[in-house]
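As structure tokens, the structure follows; a few thoughts come after it.
All values below come from the heavy atoms of this structure, side chains included, with hydrogens, waters and symmetry mates left out. Every chain is numbered from 1 and lettered A, B, ... according to where its sequence line falls, protein lines coming before strand lines.
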Amino acid sequence: MAMASTSSSSLPIPLSTPSHDPSNKTQKVSLFTISPPPSPSLKTPSIRSRLSKLCQEGQPHLARQLFDSFPRPTTVICNTIIIGFICNSLPLEAILFYSKLKSSSLGTKFDSYTYSSTLKACAETRSLKIGKAIHCHLIRCLSNPSRIVYNSLLNMYSSCLSNVGCLSYFDYSKYDLVHKVFVTMRKRDVVAWNTMVSWYVKTGRYVEAIRLFRVMMKMGIKPSPVSFVNVFPAFSSAGDLKNAYVLYGMLAKMGSEYVNDLFVVSSVIFMFGELGHIDFARKVFDHCLEKNTEIWNTMIGGYVQNNFLVEGIDLFLKAVETEHTVLDDVTFLSALTAVSQLQCLDLAQQLHGFVIKNLAIFPMMIMNAIIVMYSRCNSVHTSFEVFEKMVERDVVSWNTMISAFIQNGMDDEGLMLVHEMQNQGCAIDSVTVTALLSAASNLRSQEIGKQTYAYILRHGIQFEGMDGYLIDMYAKCGLIRLSQRIFERSNVNNRDQATWNAMIAGYTQHGLVEAAFCYL
DNA sequence: CTAGGGTTAG
């Protein structure tokens, strides 16, 4: 949530944040805190302050109704409503309000505030088309867009384009709207650079992200704590350990404001964890005096990711014991994952009991993770007990339980559950398909294999490594010719290792050693 | 008015 301040407030909006609090770096509260204090001498508060008060109280719709009674609303009043919607997590309403104003005959002029806020709403709702339209509006209607409007444009394009799901197919170097906006900017502040760095990281261009960070510093722009949070993942993803340490050294020299920023601390821990330097991550963790839930989670998760499972559980227990430490779903998820990998039923039962005692509600994710845990600890029956007791199930729950059965040699139970899943109106997806293919292999069932393949074709299901699964399944079912056909149909230039391995293994299983040799 | 970290199935 963008609005969350560094303090761990449970409110989505820091309404109660006093304006004089020096630790409060969030500028966004200013809208509300600027409004005049409720003094008895003030008989009729200004219209704008009445509107912001309503928004502040979580009633942006009432503010909107009040707005409708004004014959000639000013720009500032319009902005108040738009921002009020956004602050109350109603970005779509903000966009709708903007478009109504745009097409109305009121003739209200928009300023930089209007555009930056509405663009934020577009970013949050990933509305690329509307964002583009607003981009056109502001080019036509805003004579002197502020730096912040450009920053909002960068953010809007970056948010809307990074979720298209076609990152690998999209040639960003040739057609990059974010970059296009960036180069048109005459003056670029640290926010613009940060947004660019984060955009390069999002699109997998880690080396370029690091380069951009360097260029920013060469231009004499002082990195902010956010700059570090944005660029650190580039070092871990690029596997650039040496420079990760160099940058950490630089961060340390920036002063306490940087080193003590909780976002910064957690991203440092995450980076060194990803790079496999978990001991250094732990040093940073221990050095941090005021730990929030996310810092604990990052450290525990780092241990689990690096297969330091006992250390992970240990730290989890330490978090449990530490006073004033709030555990959340993510903390439990990491612990559940650790126990799944330790495959220790005794621990699993203890953790399960602990979860039940400590959570008022049981999120689906936690329940799914518990199912996995019992299945890995060789207790599929307990998994199924948990599964059956669930009031609601999502596709992950079904897939988890189905895979649990099939991985534990209970293929028939898995297959029954696939039928049940469909009866309950949950559609088979690529994960269900992999489970079905495994079942077909396990049972050497040509029929299940062929049915599954037909389903894949009918529904146009595609996923990473699908050819390998299919080749393997047909080979196990004694249909090496069909394996061969899948192999030949698979993209010659883009064949991955798993596809090759499956084909070679298939030939070998069928005693076709010579054919296998051809591919070695 | 703009930018920020941790998460389950195969």
Side-chain angles (χ1 to χ4, degrees), chain A residues 1-2 4 6 25 27-28 30-31 76 79-80 82-83 86-87 111-121 123 146-156 158-159 189-199 201 224-233 261-271 273 292-302 304-305 328-337 340 363-373 375-376 394-404 406-407 429-438 463-466 469:
Chain A
M1 184 70 207
T6 42
K25 281 170 279 178
Q27 300 272 312
K28 292 154 199 163
S30 61
L31 171 76
V76 177
N79 294 346
T80 307
I82 293 177
I83 296 160
I86 295 175
C87 291
D111 65 2
S112 288
Y113 289 72
T114 325
Y115 288 108
S116 57
S117 325
T118 314
L119 286 168
K120 182 188 170 70
S146 72
R147 188 170 30 75
I148 291 175
V149 169
Y150 281 103
N151 289 346
S152 307
L153 272 174
L154 289 177
N155 180 45
M156 185 276 293
S158 156
S159 305
D189 63 4
V190 69
V191 174
W193 286 94
N194 289 350
T195 311
M196 273 319 278
V197 168
S198 118
W199 168 240
V201 171
S224 69
V226 178
S227 313
F228 287 94
V229 173
N230 282 336
V231 81
F232 278 147
D261 184 302
L262 296 185
F263 279 81
V264 170
V265 171
S266 115
S267 56
V268 168
I269 295 171
F270 183 75
M271 172 175 69
N292 64 5
T293 308
E294 280 165 348
I295 289 180
W296 280 98
N297 290 348
T298 310
M299 193 63 235
I300 297 170
V304 178
Q305 290 289 313
D328 69 0
D329 306 355
V330 181
T331 330
F332 286 110
L333 275 177
S334 292
L336 290 165
T337 310
S340 303
M364 202 96 75
M365 263 190 195
I366 295 285
M367 297 314 286
N368 296 343
I370 291 175
I371 296 173
V372 175
M373 178 177 71
S375 145
R376 292 278 160 78
D394 63 2
V395 67
V396 179
S397 319
W398 287 101
N399 285 337
T400 304
M401 196 58 238
I402 290 164
S403 308
I406 292 173
Q407 279 163 16
D429 71 357
S430 62
V431 179
T432 329
V433 162
T434 54
L436 281 169
L437 293 175
S438 309
F463 56 92
E464 182 102 348
M466 185 176 78
Y469 279 103

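If you take CD of A:Gln305 and C1' of B:dT8, they are 12 Å apart, rounded to a whole angstrom. Computed from coordinates, the A:Asp328 CG to B:dT7 P distance equals 12 Å when rounded to whole Å. Counting to the nearest Å, the P atom of B:dT8 and the CG atom of A:Leu336 are 11 Å from each other. Here B:dG6 presents its P atom at 13 Å from CE of A:Met365, a figure rounded to the nearest Å. One atom, CG of A:Asn368, and another, C1' of B:dT7, lie 12 Å apart when rounded to the nearest Å. Here the C1' atom of nucleotide B:dA3 and the CH2 atom of A:Trp193 are 14 Å apart, to the nearest Å. Rounded to a whole Å, the CZ atom of A:Phe463 is 13 Å from the P atom of B:dG10. Distance CD1 (A:Ile370) to C1' (B:dA9): 14 Å, rounded to an integer number of Å.
Across all strands, A:Ser438 comes closer than 4.0 Å to no nucleic acid atom at all (heavy-atom distances). Using a 4.0 Å heavy-atom cutoff across all strands shown, A:Ile402 reaches no nucleic acid atom at all. Counting any heavy atom pair closer than 4.0 Å across all strands shown, A:Val372 reaches sugar-phosphate atoms only and no base atom. Nucleic acid contact class of A:Ser112 (heavy atoms, under 4.0 Å, all strands): base.
In this structure, A:Ser227 and A:Val197 have side chains that are not in contact, with every pair of non-hydrogen atoms separated by 4.5 Å or more. Residues A:Asn155 and A:Leu119 fail the side-chain proximity criterion, which asks for heavy atoms closer than 4.5 Å.
Take A:Ser266 and apply the side-chain contact (heavy atoms from CB on, under 4.5 Å) test, not counting sequence neighbours, and it matches A:Ile295, A:Thr298. A:Asp189 is linked by a salt bridge (charged side-chain N to carboxylate O under 4.0 Å, His left out) to A:Arg147, counting only residues two or more places apart in sequence or in another chain.
Note on A:Lys120: a side-chain N or O is less than 4.0 Å away from OP1 or OP2 of B:dT2. For A:Arg147 and B:dA3, the shortest distance from a side-chain N or O to OP1 or OP2 is not below 4.0 Å. Phosphate proximity of B:dA3 to A:Asn155: present, with a side-chain N or O under 4.0 Å from OP1 or OP2.
Each of B:dA9, B:dT2, B:dG6 was ranked by its minimum atom distance to the side chain of A:Phe270; first place goes to B:dG6. Minimum atom distance to the side chain of A:Asn151 is reached by B:dT2, of the listed B:dA9, B:dT2, B:dG5. The listed nucleotides are B:dA9, B:dC1, B:dG10; the one nearest the side chain of A:Asn399 is B:dA9. Counting only heavy atoms from C-beta on, A:Ile148 has its side chain closest to B:dC1 among B:dC1, B:dG5, B:dA9. Across B:dC1, B:dA9, B:dG4, the shortest atom-to-atom separation from the side chain of A:Val264 is found for B:dG4. With B:dG4, B:dA3, B:dA9 as the choices, the nucleotide that has an atom nearest any side-chain atom of A:Pro225 turns out to be B:dG4. For A:Val330, counting side-chain heavy atoms from C-beta on, the closest listed nucleotide (B:dG6, B:dG4, B:dT2) is B:dG6. Across B:dG5, B:dC1, B:dG10, the shortest atom-to-atom separation from the side chain of A:Leu262 is found for B:dG5. Nearest nucleotide to the A:Ser430 side chain, out of B:dG10, B:dA9, B:dC1: B:dG10. Considering only the side chain of A:Arg376, B:dA9 comes nearest among B:dA9, B:dC1, B:dT8.
No hydrogens or angles were tested; on distance alone, a donor-acceptor pair under 3.5 Å links the side chain of A:Ser266 to the base of B:dG5. Not a single donor-acceptor pair, N or O on each side, falls under 3.5 Å between the base of B:dC1 and the side chain of A:Ser117. No donor-acceptor contact under 3.5 Å links the side chain of A:Asn297 to the base of B:dG5. With hydrogens and angles ignored, a donor-acceptor pair under 3.5 angstrom links the side chain of A:Asp261 to the base of B:dG4.
No donor-acceptor pair closer than 3.5 Å links the side chain of A:Ser375 to the backbone N or O of A:Ile371. A donor-acceptor contact shorter than 3.5 Å links the side chain of A:Asn230 to the backbone of A:Asn194.
Distance check, rounded to the nearest 0.5 Å: CG of A:Asn151 to OG of A:Ser146 gives 8.0 Å.
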